[in-house]
Amino acid sequence: MTEYHGNVHVGGPVQTHELAKLMITKVAVGPMDNNAYLLRCRQTDEQVLIDAANDAETLLSVIGSGGITRVITTHQHGDHWQALAEVVAKTGATTVAGREDADGIPVPTDEAVGDGDVIKFGELGLEVIHLVGHTPGSIALLYDDPTGAPHLFTGDSLFPGGVGNTRGNKKNFESLIHDVETKLFDRLPDETWVYPGHGADTTLGTERPHLPEWRARGW
């Protein structure tokens with residue numbers, strides 16, 4: 001197994017992060033270089049997918065014969081659900097999304113979730129963290145590994161170098177930076193691994209010193 005570094009590109013190989021109880025497979029798909037993440041409980045082999053963004057054929061290949069029980073969509077923007085209908089049709093998976101974004105996703109949401117909810121699969125759980133600003137119902141998903149650092153899937157709300165795009169809307173930016181600071185940085189340790197909706201991974205410790213700079217620049 002290649003050492004995990006989280007750098008993937010469309011058409012290239014996947015990256016798999018092996019944890020004690022969880023396997024995380026990262027793949028890049030589509031014209032906007034979206035990340036999709038397949039999570040597998042090592043004890044039961046139950047799998048869930050985060051963001052059926054594009055290229056259903058590739059995603060179904062990564063999912064494999066084990067199937068998935070859920071597809072979790074981090075937010076309503078179209079580049080994060082282009083393959084959702086086909087993946088659900090082929091796997092029978094339950095759809096999950098943030099309550100305030102569900103109406104903006106054309107595939108019906110079976111389970112609308114909010115702050116503090118836990119999405120269970122196998123013997124594991126993902127805590128839902130509602131982050132308002134990039135969209136009204138954006139969610140991050142926290143796997144608080146009992147054997148090591150936390151692992152955080154942030155959709156488009158947090159990236160290396162800043163929070164998600166709020167398109168110059170000051171109110172939305174203030175909301176997003178507040179939620180990211182209070183719900184992520186104020187709560188979780190520096191070693192928390194961050195898996196964003198596009199591009200490379202990072203850690204909260206890498207980004208933490210730059211929070212004042214992000215606030216000052218307003219994006």
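Treat the numbers as computed from the prediction; the structure is a model and nothing was measured. In this chain, numbering begins with 1 at the start of the sequence shown.
The two atoms that bring Val118 and Gly125 nearest to each other are CG1-CA, 4.0 Å, heavy atoms only. Scanning both residues, Asp201 and Pro196, for their nearest heavy atoms gives OD1-CD, 3.8 Å. Residue Gly30 comes nearest to Val10 through the heavy atom pair O-CG2, 3.5 Å, listed as atom of the first residue, atom of the second, then distance. Closest approach of Pro150 to Leu142, counting heavy atoms only: CB-CD1, 3.8 Å. Smallest separation of non-hydrogen atoms from Arg99 and Asp117: NH2-OD2, 3.9 Å.
By the 4.0 Å N-to-carboxylate-O rule, Arg70 lies too far from Asp110 to be salt-bridged with it. Glu123 and Arg40 are not joined by a salt bridge, as no carboxylate oxygen comes within less than 4.0 angstrom of a charged side-chain nitrogen.
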Could you go step by step and tell me if Lys21 and Asp145 meet the side-chain contact (heavy atoms from CB on, under 4.5 Å) rule? CA-CA 8 Å; Lys21 297 186 177 185; Asp145 189 349; 5.6 Å; no
Decide ring pair (Phe, Tyr, Trp, His ring centres under 6.0 Å) for Trp214 and Phe173; before the verdict, give the C-alpha distance in whole Å, the side-chain angles of both, and the deciding distance to 0.1 Å. CA-CA 10 Å; Trp214 301 351; Phe173 171 76; 9.3 Å; no
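Interatomic distance, Ile139 CD1 to His75 NE2, rounded to the nearest 0.5 Å: 10.5 Å. Taking CD1 of Ile119 as the reference point, atom CD1 of Ile72 lies at 4.0 Å (rounded to 0.5 Å). The distance from the CG atom of Leu141 to the CG atom of Asp51 is 8.5 Å, given to the nearest 0.5 Å. Separating the CD1 atom in Ile63 from the CG atom in Leu49 is a distance of 5.0 Å, to the nearest 0.5 Å. Interatomic distance, CG of Asn35 versus OG1 of Thr154, reported as 9.5 Å (0.5 Å rounding). Interatomic distance, CZ of Arg208 versus CG of Leu204, reported as 6.0 Å (0.5 Å rounding).
His130 places a side-chain N or O within 3.5 Å of a backbone atom of Pro136 that can act as its donor or acceptor partner. In this structure, the side chain of Thr206 does not engage the main chain of Thr202 through any donor-acceptor pair within 3.5 Å. Put simply, the side chain of Ser175 gets close to the backbone of Val132: a donor and an acceptor are under 3.5 Å apart. In this structure, the side chain of Thr109 does not engage the main chain of Ala112 through any donor-acceptor pair within 3.5 Å. At distances below 3.5 Å, at least one donor-acceptor pair connects side-chain atoms of Glu46 with backbone N or O atoms of Gly122. The backbone N or O of His178 sits less than 3.5 Å from a side-chain atom of Thr182, completing a donor-acceptor pair. Distance alone, capped at 3.5 Å, is enough to place a donor-acceptor pair between the Thr95 side chain and the Pro108 backbone. Between the side chain of Trp81 and the backbone N or O of Gln76, at least one donor-acceptor pair lies under 3.5 Å. Judged by distance alone, with hydrogens and angles left aside, the side-chain atoms of Gln47 form no donor-acceptor pair with the main-chain N or O of Cys41 at under 3.5 Å. Here the side chain of Asn54 pairs no donor or acceptor atom with the backbone of Asp79 at under 3.5 angstrom.
Ring geometry for Phe153 against Tyr195 counts as parallel: the plane angle stays under 30°, on a 0 to 90° scale with 60° as the upper cut.
The only option from Val163, Leu131, Asn165 that meets the side-chain contact (heavy atoms from CB on, under 4.5 Å) definition with Ser157 turns out to be Leu131.
With no hydrogens or angles considered, no side-chain donor-acceptor pair links Ser61 and Thr58 at under 3.5 Å.
Close placement of the His198 and His80 rings is indicated, their centers lying within 6.0 Å of each other.
No side-chain heavy atom of Val96 sits less than 4.5 Å from a side-chain heavy atom of Thr73.
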